[in-house]
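First up is the structure itself, then whatever we jot down about it.
One-based numbering, in listed order, for ligands and for the atoms of each.
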Amino acid sequence: MKPERRPRRPQFSSGPCAKRPGWSLANLEGALLGRSHRSGPARDRIREVSIRSREILGIPADYHVGIVPASDTGAVEMAMWSLLGARGVTMLAWESFGAGWVTDVAKQLKLDATVLTADYGHLPDLAAVDFSTDVVFTWNGTTSGVRVPNGDWIPADRDGLTICDATSAAFAMELPWDKLDVTTYSWQKVLGGEAAHGMLILSPRAVERLESYTPPWPLPKIFRLTKGGKLIEGVFRGETINTPSMLAVEDYLQALAWARSVGGLHGLIARADANTKAIADFVEMRDWIDFLAHDPATLSTTSVCLKFTDDRIKDGAAFAKAVAKRLDTEGVAHDIGAYRDAPAGLRIWCGSTIETADVEALLPWLDWAFETEIAAQ
Ligand SMILES: Cc1ncc(COP(=O)(O)O)c(C=O)c1O
């Protein structure tokens, strides 16, 4: 039987993610449009992004928080191109995005990195990481639904820098700032902002590296963080490298205000946790579906990845696609097919802008779509 109740908002994409509840385009009417981004009022709005992000995320006062071009990818690549090569490098990869950073470092920067990998569903051996090298890793593997459990595996007295792609973790998971030298994320993920701009957060040690090391390769203007061996402080004070979208800035500032209204970081984390728990309770009661993540301690609370485990399924990939399509056609869940490089299954975004009531309303539909597809095989 088809369920009667439908999620009020069927947007469960893992990026761009659902807008915050109550979002409306009309709220952006006050955006500072048609003005130079170098004008005083515009610079103040842009600077506000760094101030409010720092406030909500609890970023230490001696860290730099800046806005950079090209979303999270821009921020990660800028960090790698600017910082790597000074010492050995260790790359951790357990899904598609981490693997992409390995390709950058090995094939483009041509660095002889130590690469620690794991299959989808697992983490590499974190105890094997050599922190005398720089270490590049993803906090939450968006395409496998596996995250690092915490920062305990990162020593406080490391010699190398840690460069962390936290785009699907920031605002939904605790990030131990003392363990992270470079952290990146994009506005389009947990806060449901717009894409295009990335955030780059630097520890004092990362700044020290930037000011003491010049990489041997050319750096395009869009990546340059120093001038004459000194950090370009303006990038972290509202003077972006190139022109930002003031519409996206306004939207992100409103997302940050919403974040405050739901209890700041703890409220945001609690929302993602509750969404994930709703799915965990559902999975627990069924023998035909399971998480891709093997260890519950590494289960993502944003990009929740599921696999079908029923013996009756003949073609796993076709089956998962058919279920996702059925739910999409019904208008109860958009964009929940597994990522193109990931094992067959579903990926349901549980980040903080998602309402738990919507996850709960979706789950009976999953029962229905599963049974319908089993019967249709
Ligand atoms: C872990 C991770 N890194 C990088 C990206 C790329 O992000 P963007 O498109 O914002 O550059 C994504 C997008 O889903 C991601 O999940």
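Pairs engaging residues 270-299 under the side-chain hydrogen bond (donor to acceptor under 3.5 Å, both in side chains) rule: His122-His294, Arg271-Glu355, Asn275-Thr356, Lys277-Asp281, Arg286-Asp367 [sequence neighbours left out]. Screening residues 56-70 for side-chain hydrogen bond (donor to acceptor under 3.5 Å, both in side chains) gives His64-Glu233 as the qualifying pairs, with residues at least two apart or on separate chains.
Other residues, nucleotides and ligands contribute over 12 non-hydrogen atoms within 6.0 Å of the NZ atom of Lys179.
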Polar pairs, ligand 1 vs protein, N/O only, below 3.5 Å.
unit_1, atom_1, unit_2, atom_2, d
ligand 1, 3 (N), Asp72, OD2, 3.3
ligand 1, 3 (N), Asp165, OD2, 2.6
ligand 1, 10 (O), Ser71, OG, 2.5
ligand 1, 10 (O), Asp72, N, 3.4
ligand 1, 10 (O), Gln188, NE2, 2.8
ligand 1, 11 (O), Asp72, N, 3.3
ligand 1, 11 (O), Thr73, N, 2.8
ligand 1, 11 (O), Thr73, OG1, 2.5
ligand 1, 14 (O), Lys189, NZ, 2.6
ligand 1, 16 (O), Thr142, OG1, 2.4

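Residues Arg347 and Thr143 have side chains in contact (heavy-atom distance under 4.5 Å, counting atoms from C-beta outward).
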When the side chains of residues 235-246 are checked against the rest of the protein, which donor-acceptor pairs come out under 3.5 Å, sequence neighbours left out?
unit_1, atom_1, unit_2, atom_2, d
Thr240, OG1, Asn242, O, 2.8
Ser245, OG, Leu247, N, 3.3
Ser245, OG, Ala248, N, 2.9

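Ion pairing between Arg47 and Asp44 holds under the 4.0 Å rule for side-chain N and carboxylate O.
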